[in-house]
Amino acid sequence: MSTDVDIVLVGAGIMSATLGTFLKELDPSLSIAMFETLDDCAQESSDGWNNAGTGHAANCEMNYTPQLADGTIDISKALDVNTEFDISRQFWAHLVQKGAIPDPRAFIHPVPHMSFVWGEENVAFLRARFKAMAAHHCYHGMEYTEDRATIADWAPLIMDGRAPDQPVAATRMVTGTDVDYGALTHLLVGHLVRQSGFDVHYQHKVVGLDREADQRWRIDVEDTATRARSTVNAKFVFIGAGGGSLALLEKSQIPEGRGYGGFPVSGIWLRCDVDAVSTRHHAKVYGKAASGSPPMSVPHLDTRIVNGKQSLLFGPYAGFSSKFLKHGSLTDLFTSLTHDNIIPLLDVARDNAKLTEYLIGQVMQSADHQFAALQEFFPRAVKQDWKKAVAGQRVQTIAPHESTGWFKHEEGSLKFGTELVAAADKSIVALLGASPGASTAAFIAVEVLERCFDTQLADPAWHARLTAMIPTYGIDLKQDAEACRRTRAATAPLLHITNI
Ligand SMILES: Cc1cc2nc3c(=O)[nH]c(=O)nc-3n(C[C@H](O)[C@H](O)[C@H](O)COP(=O)(O)OP(=O)(O)OC[C@H]3O[C@@H](n4cnc5c(N)ncnc54)[C@H](O)[C@@H]3O)c2cc1C
């Protein structure tokens, strides 16, 4: 193992794999070492079955479009997520075009995204939401119906056996996708290891991060098989360790990381691999979240295509486990507590009573209750066709408000998005949080570049390579309808997905 590299990537999930790929495209001479505790890449949240595989473009997730007090629908968050996904599409299309990804059907498939509601009040909400979204070019092609036969045509399982007098409504975007982020991570890491100057070290856990006198980072690594320790020095460190990122941010002791905490939310799916059932559904159907539920717990009935096989996934049912990673330790939550984050954490616990109530309710749910929730979506679901599966672990970020110094944090807040915490000298950055997640990995990588590699990006050669990868770099697709139309038309055929 080389003891001196330009860059260390901690964790072999979609985030490190994406950032590593960007960096090698921008400067092939960079030496990069990736360290991963487990024995392969994409074994935690990025594994195909540990997440829902939605190519989140905020087409169908109603939590991104809140209704304001005056009744109007705010679509600004949805538009951000929608256009962040365009960055991922361009990045993947670039890799397909240059042959780094031989066949995109190994990881992405066209699957329509639907929102589906029942009850008068929810129908009125969806109607207003459609009106607001369909007026924007980013949602060109969105369809809306309250007609039962049309919904049955779009997604037969959700209408079969439904009470005939129940008011229902649905929207559909046929441009939606299902993405196997595990397969994608394997493709990206495979492409990286074929390049000189890139090494991945599995069964190697990063256990220490210290700044050297020359401002480089000393990374202490433990071989999980032999317990032997070694040390690597790097100019730049990306902490893309998923649920392990908070512990490493704390170890780095950068002042910018003070006061951050994490709150783990686990998830359970119901999964159906019976072909006679799964082949009757070709959509990702998102419902409306229960009151107090965290945004990532919105129930959905999803077509999944993993390793070429079509299955159905329903959930997630939220749960509680003090682990920060699926393969983590039950002590993770407790060892993450520090003088700096305990007050923000208690603030969050106090201010989010509804969330606590929701999580307790979910944990207490019996298998019968869980199945009843599935039957609200799929009335004729049969128990023996479905089995339980444990989803990946998510750590919601608790961010300090205005930190004014030691012990003087004001209230903490629970963040459902992702957060990059970078050192002022740009030598280290940690990625915390999990939503919208893997779909926006390329957008997050660009953000890392802008924050920590701004000097290099000012170099015309770097800039030219970045715009070759992301042709709309620097263009706001929310404003520029023609650029938005052009990029979607260009990326869809390369990725074999639907364009309208
Ligand atoms: C239930 C659920 C549903 C989701 N649904 C979606 C979805 O539909 N669409 C979407 O886009 N996103 C979704 N996500 C989010 C998405 O899965 C994550 O955002 C994404 O996979 C995170 O990637 P990552 O590389 O940051 O983390 P991970 O994939 O968790 O990888 C981090 C890696 O770091 C390693 N590691 C940790 N600590 C260390 C250490 N000290 N040393 C070395 N290695 C270490 C871990 O072993 C792990 O392999 C979902 C997540 C969950 C849990």
Side-chain angles (χ1 to χ4, degrees), residues 8-20 33-58 60-61 81 84-85 88 113 176-182 184-185 188-189 200-209 219-222 224 238-249 251 264-269 284 286 294-298 300 302 304 313 315-319 324-329 332 389-396 417-418 430-445:
V8 158
L9 304 171
V10 189
I14 187 68
M15 298 298 178
S16 289
T18 300
L19 180 64
M34 176 184 261
F35 292 100
E36 167 57 52
T37 310
L38 302 175
D39 57 9
D40 198 358
C41 58
Q43 300 301 294
E44 281 285 345
S45 289
S46 302
D47 172 77
W49 285 115
N50 282 345
N51 62 71
T54 304
H56 282 300
C60 50
E61 306 86 342
V81 175
E84 285 166 15
F85 191 60
S88 289
H113 286 184
T177 52
D178 176 68
V179 183
D180 178 348
Y181 293 106
L184 177 60
T185 307
L188 296 179
V189 174
V200 58
H201 305 277
Y202 293 125
Q203 294 189 299
H204 278 74
K205 181 174 181 174
V206 172
V207 290
L209 282 167
I219 300 104
D220 296 317
V221 184
E222 185 178 276
T224 59
F238 175 64
I239 307 177
S245 288
L246 178 63
L248 292 172
L249 177 65
K251 279 186 202 299
V265 178
S266 56
I268 300 285
W269 306 115
K284 286 178 175 278
Y286 276 62
M296 72 285 191
S297 298
V298 177
H300 40 103
D302 273 31
R304 296 302 324 274
L313 198 63
Y317 303 93
F324 276 11
L325 289 159
K326 208 168 160 178
H327 297 90
S329 153
D332 285 345
V390 179
Q393 193 72 354
R394 290 199 228 215
V395 179
Q396 301 311 134
T418 43
L431 176 65
L432 304 177
S435 286
S439 310
T440 55
F443 171 78
I444 289 166

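Treat the numbers as computed from the prediction; the structure is a model and nothing was measured. Whatever order the structure lists ligands and atoms in, that order sets their numbers, starting from 1. The chain is numbered in sequence order, starting from 1.
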Problem - Candidate with minimal heavy-atom separation from atom 32 (C) of ligand 1, of Ala241, Gly11, Ala17 - result: Ala241
Fill in the blank from the handout: Per-atom filter on ligand 1: closer than 4.0 angstrom to a heavy atom of Thr37 are 36 (N), 39 (C), 40 (C), 42 (N), 43 (C), 44 (N), 45 (C)
Handout entry: Heavy-atom check, side chain of Leu209 versus side chain of Ile239, under 4.5 Å
Key = yes
Handout entry: Polar contact flag for Gln393 and ligand 1 (N/O pairs, less than 3.5 Å)
Key = no
Exercise for the section: Answer yes or no for Gly267: is there a heavy-atom contact with ligand 1 below 4.0 Å? Expected result: no
Exercise for the section: Just jot down the side-chain hydrogen bond (donor to acceptor under 3.5 Å, both in side chains) partners of His204, sequence neighbours excluded, or say none. Expected result: none
Problem - Check: Leu248 N/O within less than 3.5 Å of ligand 1 N/O - result: no
Problem - Subset of ligand 1 atoms that lie under 4.0 Å from at least one heavy atom of Ser439 - result: 9 (N), 10 (C), 11 (O)
Handout entry: Test ring pair (Phe, Tyr, Trp, His ring centres under 6.0 Å) applied to Phe35 - qualifying residues, sequence neighbours left out
Key = His201
Problem - Within reach of ligand 1, part of His56 (heavy-atom separation under 4.0 Å) - result: side chain
Exercise for the section: Determine, considering heavy atoms only, which of Met34, Glu36, Gln43 sits nearest to atom 49 (O) of ligand 1. Expected result: Glu36
Exercise for the section: Using distance alone, determine whether Glu44 and ligand 1 share an N or O pair under 3.5 Å. Expected result: no
Exercise for the section: Find out whether Ile14 and Leu188 are in side-chain contact, i.e. whether some heavy atom of one side chain is under 4.5 Å from a heavy atom of the other. Expected result: yes
Problem - From OG1 (Thr418) to CD (Gln396), nearest 0.5 Å - result: 10.5 Å
Exercise for the section: Check whether any side-chain N or O of Ser245 sits under 3.5 Å from a backbone N or O of Leu431 as a donor-acceptor pair, and report yes or no. Expected result: yes
Exercise for the section: Would you mind listing which atoms of ligand 1 come within a distance below 4.0 Å of any non-hydrogen atom of Gly240? Expected result: 32 (C), 34 (O)
Fill in the blank from the handout: Within the 4.0 Å heavy-atom cut-off, what Val10 brings close to ligand 1 is side chain
Completion exercise
Numbered in order shown, the ligand 1 atoms found under 4.0 Å of a heavy atom of Leu38 are 47 (O)
Practice task
Determine whether the side chain, the backbone, both or neither of Tyr202 has a heavy atom under 4.0 Å from any heavy atom of ligand 1.
Solution key: neither
Handout entry: Spacing of Asp178 atom CG and Thr54 atom OG1 [to the nearest 0.5 Å]
Key = 7.0 Å
Problem - Non-hydrogen side-chain atoms of Ile444 and Thr18 separated by less than 4.5 Å - result: no
Completion exercise
Paired with Asn50, the side-chain hydrogen bond (donor to acceptor under 3.5 Å, both in side chains) test is passed by just one of Glu44, Lys326, Gln43, namely Lys326
Exercise for the section: Using a strict 4.0 Å cut-off to heavy atoms of His204, name the atoms of ligand 1 that fall inside it. Expected result: 43 (C)
Practice task
Look at atom 9 (N) of ligand 1 and find which of Val265, Thr54, Leu313, Thr418 reaches it with the closest heavy atom.
Solution key: Thr54
Problem - Gap separating the CZ atom of Arg304 from the CG atom of Asn51, nearest 0.5 angstrom - result: 6.0 Å
Practice task
Could you tell me whether Gly53 and ligand 1 have an N or O pair separated by under 3.5 Å?
Solution key: yes
Practice task
Report yes if some N/O of Val206 lies less than 3.5 Å from some N/O of ligand 1; otherwise report no.
Solution key: yes
Practice task
Within a distance under 4.0 Å of any heavy atom of Leu325, pick out the atoms of ligand 1 and give their elements.
Solution key: 37 (C)
Problem - Which of the ligand 1 atoms, numbered from 1, are nearer than 4.0 Å to a heavy atom of Ala391 - result: 1 (C)
Exercise for the section: Compute the minimum heavy-atom distance from His327 to ligand 1 and say whether it is under 4.0 Å. Expected result: no
Fill in the blank from the handout: Asn50 heavy atoms within 4.0 Å reach ligand 1 at atoms 1 (C), 2 (C), 52 (C), 53 (C)
Problem - Polar proximity ligand 1 side, Gly244 side, N/O cut 3.5 Å exclusive - result: no
Handout entry: Distance in Å, Glu36 CD paired with Leu9 CG, rounded so as to fall on 0.5 Å steps
Key = 11.5 Å
Practice task
Check whether any side-chain N or O of Thr224 sits under 3.5 Å from a backbone N or O of Gln203 as a donor-acceptor pair, and report yes or no.
Solution key: yes
Handout entry: Aromatic plane relationship, His300 with Tyr286 - under 30° parallel, 30 to 60° tilted, over 60° perpendicular
Key = parallel
Problem - Any N/O pair Ala438/ligand 1 closer than 3.5 Å - result: yes
Exercise for the section: For ligand 1, find out whether one of its N or O atoms is nearer than 3.5 Å to an N or O atom of Ser46. Expected result: yes
Completion exercise
What one should report as the nearest heavy-atom pair of Tyr202 and Ala12 is CE2-CB, 4.2 Å
